[in-house]
Amino acid sequence: TMIALPGKLRRLGILGINQRNADYIMRYNPRSRFPLVDDKLYTKKLADQYGIAVPELYTVIEIEHDVRQLCERVAEHRQFVVKPAQGSGGNGVLVITGHIGKNYVKSSGSLMSREMLERHTSNILSGMYSLGGVPDKAIVEYMVQFDPLFEHISFQGVPDIRVIVFRGIPVAAMVRLPTRASDGKANLHQGAVGVGIDLTSGVTHHGVWGEELINFHPDTGALIAGTEMPHWPRILELAARCSDFIGLGYIGVDIVLDKHLGPLVLEFNARPGLNVQLATGCGLLHNLHKVEALSELPETPEQRVEYARNELGHAPAAPAES
């Protein structure tokens, strides 16, 4: 059976990491654009210039001397997020949800002193969480108030929607739900649940948690399938518009749903992972090949989304036994 596996995976349209790197990232993503995408501060400012909604920037800590000013700079905000400008995989992201006395409350509910907050920020500057350990900046921004829609299928954190965009056209999407194991972070490597979203309807189907296919959230017990994403066409349009100014042909766009502000773009990824295939129960290659074969691309983001919803949506995969 081991020998037959590659052929079977090919028939299922499964994109492997080597093929992704060679056929899509190297071919469609100019190397010169990578540093821009890897710098969240730069892409945040760029998105803002293009009129794309992003979480409000409160302050940036760039040098060690400014670390001691952090608490004063955010004094008017009860809630905020501190994250490395060049972090990867959700590392170094600190979510503060309130204050108790002189202490800060983390999203997990545990307390953090001013000193601990300053030490975390110093660690960011030293490059502890950055790609390749290079010195970094700390971004302090608005904490997203997540949509009540996710209350039953998320654990202490903000879910995010990852849309894979190829040649400006959304080709796959999933929502990543925080769990107790992921410490409230929407990162699959840290234990979040990935749930496929049908491109046409914006409705969720089964989830993947680590190696397991699941139907229920591991912490809340709520059914994962059948949730319709609000603002679905707008979410896809946002993702399609982002690929225009980023200048990359194959990217992941991470979008969060704020209950007051609607969809906000959180960040971009020039090397999006392949877990979306597990989450959607569908290989990426089918849709990538369709888009690759287009001699002329639809012009506007709206037209590209219409193409995706009409031509690339697929029926949800059969649910897991759980």
Side-chain angles (χ1 to χ4, degrees), residues 47 50-55 144-154 158-178 186 188 192-208 215 217 222-244 246 251-269 272 275-282 284 286-288 290-291 297-317 319:
Y50 275 80
I52 285 174
V54 292
V144 174
Q145 311 288 318
F146 76 88
D147 197 295
L149 165 88
F150 292 119
E151 233 150 36
H152 307 301
I153 51 171
S154 186
V158 178
D160 70 16
I161 295 163
R162 158 71 59 93
V163 183
I164 306 287
V165 184
F166 176 51
R167 298 184 76 195
I169 295 175
V171 290
M174 67 172 162
V175 59
R176 298 180 294 190
L177 306 169
L188 299 190
V193 175
V195 184
I197 306 175
D198 180 60
L199 279 180
T200 305
S201 62
V203 173
T204 59
H205 31 106
H206 74 242
V208 63
N215 283 330
H217 190 284
L223 183 67
I224 283 169
T227 300
E228 189 178 344
M229 296 292 125
H231 322 286
W232 185 238
R234 198 166 132 214
I235 287 167
L236 292 180
E237 273 165 34
L238 258 182
R241 281 173 61 205
C242 286
S243 81
D244 291 351
I246 287 291
I251 57 165
V253 181
D254 295 341
I255 293 169
V256 285
L257 286 179
D258 187 274
K259 66 178 174 189
H260 306 299
L261 305 170
L264 301 174
V265 173
L266 209 53
E267 59 186 64
F268 308 98
N269 192 315
N275 300 21
V276 70
Q277 300 178 111
L278 293 173
T280 57
C282 187
L284 270 167
H286 299 308
N287 284 352
L288 291 174
K290 278 187 193 173
V291 174
L297 293 168
E299 247 173 74
T300 66
E302 291 79 5
Q303 289 167 334
R304 296 200 296 265
V305 167
E306 199 179 333
Y307 171 84
R309 294 182 77 195
N310 290 335
E311 303 295 328
L312 307 180
H314 52 77

Q) Are any side-chain N or O atoms of R167 and backbone N or O atoms of V291, one a donor and one an acceptor, separated by less than 3.5 Å? A) yes
(Q) Using the rule given for side-chain contact (heavy atoms from CB on, under 4.5 Å), can you reason through V163 versus L236, listing the C-alpha separation, both sets of side-chain angles and the distance that settles it, and then say yes or no? (A) CA-CA 7 Å; V163 183; L236 292 180; 4.1 Å; yes
Q | NE2 on H286 to CD on Q277, rounded to 0.5 Å | A | 9.5 Å
Q) Counting distance only, does the side-chain N/O of Q303 pair as donor-acceptor with the main-chain N or O of E299 below 3.5 Å? A) yes
Q. If you take all heavy atoms of I255 and A239, which pair is closest and at what distance?
A. CD1-N, 4.1 Å
Q | Contact summary for P272 and G252, nearest pair of heavy atoms | A | CG-N, 3.5 Å
Q. Given M174 and V195, is the side-chain contact (heavy atoms from CB on, under 4.5 Å) satisfied, shown in steps?
A. CA-CA 5 Å; M174 67 172 162; V195 184; 5.8 Å; no
(Q) Donor-acceptor check, side chain of W232 to backbone of V203, threshold 3.5 angstrom: yes or no? (A) no
Listed pairs under 3.5 Å, donor-acceptor, residues 258-269 side chains, sequence neighbours left out:
{"residue": "D258", "atom": "OD1", "partner": "Y142", "partner atom": "OH", "Å": "3.3"}
{"residue": "D258", "atom": "OD1", "partner": "H260", "partner atom": "N", "Å": "2.8"}
{"residue": "D258", "atom": "OD1", "partner": "L261", "partner atom": "N", "Å": "2.9"}
{"residue": "D258", "atom": "OD2", "partner": "Y142", "partner atom": "OH", "Å": "2.7"}
{"residue": "D258", "atom": "OD2", "partner": "Q145", "partner atom": "N", "Å": "2.8"}
{"residue": "N269", "atom": "OD1", "partner": "R271", "partner atom": "N", "Å": "2.7"}

Q. Given the rule in the side-chain contact (heavy atoms from CB on, under 4.5 Å) test, do L238 and H231 qualify, once you have shown the distances and angles that lead to the verdict?
A. CA-CA 10 Å; L238 258 182; H231 322 286; over 6 Å; no
Q. Nearest heavy-atom pair of A47 and V54: which atoms, and what distance?
A. CB-CG1, 3.7 Å
Q: Identify the two heavy atoms, one from C242 and one from I52, that lie closest to each other, and give their separation to 0.1 Å.
A: SG-CD1, 3.8 Å
Q: Report yes if the side chains of I161 and I197 come closer than 4.5 Å at any heavy-atom pair, otherwise no.
A: yes
Q: Please report the C-alpha distance between F166 and K290 in whole Å, then the side-chain angles of each, then the deciding distance to 0.1 Å, and finally whether the side-chain contact (heavy atoms from CB on, under 4.5 Å) criterion is met.
A: CA-CA 11 Å; F166 176 51; K290 278 187 193 173; over 6 Å; no
Q | From L177, D254, V144, residue fulfilling side chain to side chain contact (heavy atoms under 4.5 Å, CB included) relative to D160 | A | D254
Q | Side-chain ion pair, R309 and D198, N-O less than 4.0 Å | A | no
Q.
Which residues pass the side chain to side chain contact (heavy atoms under 4.5 Å, CB included) test with V208, not counting sequence neighbours?
A. L213, L278, A279
Q: Mind listing the closest non-hydrogen atom pair of R176 and R162 along with its distance?
A: NH1-NH2, 3.5 Å
**Q.** For A308, side chain to side chain contact (heavy atoms under 4.5 Å, CB included) partners two or more places apart
**A.** I169, P170, L312
Q: Taking all non-hydrogen atoms of both residues into account, name the closest pair between A172 and L284 and its distance.
A: CB-CD2, 3.6 Å
Q. Taking S243 for the side chain and V165 for the main chain, is one N or O donor matched with an acceptor at less than 3.5 Å?
A. no
Q | Interatomic distance, R304 atom CZ to E306 atom CD [nearest 0.5 angstrom] | A | 12.5 Å
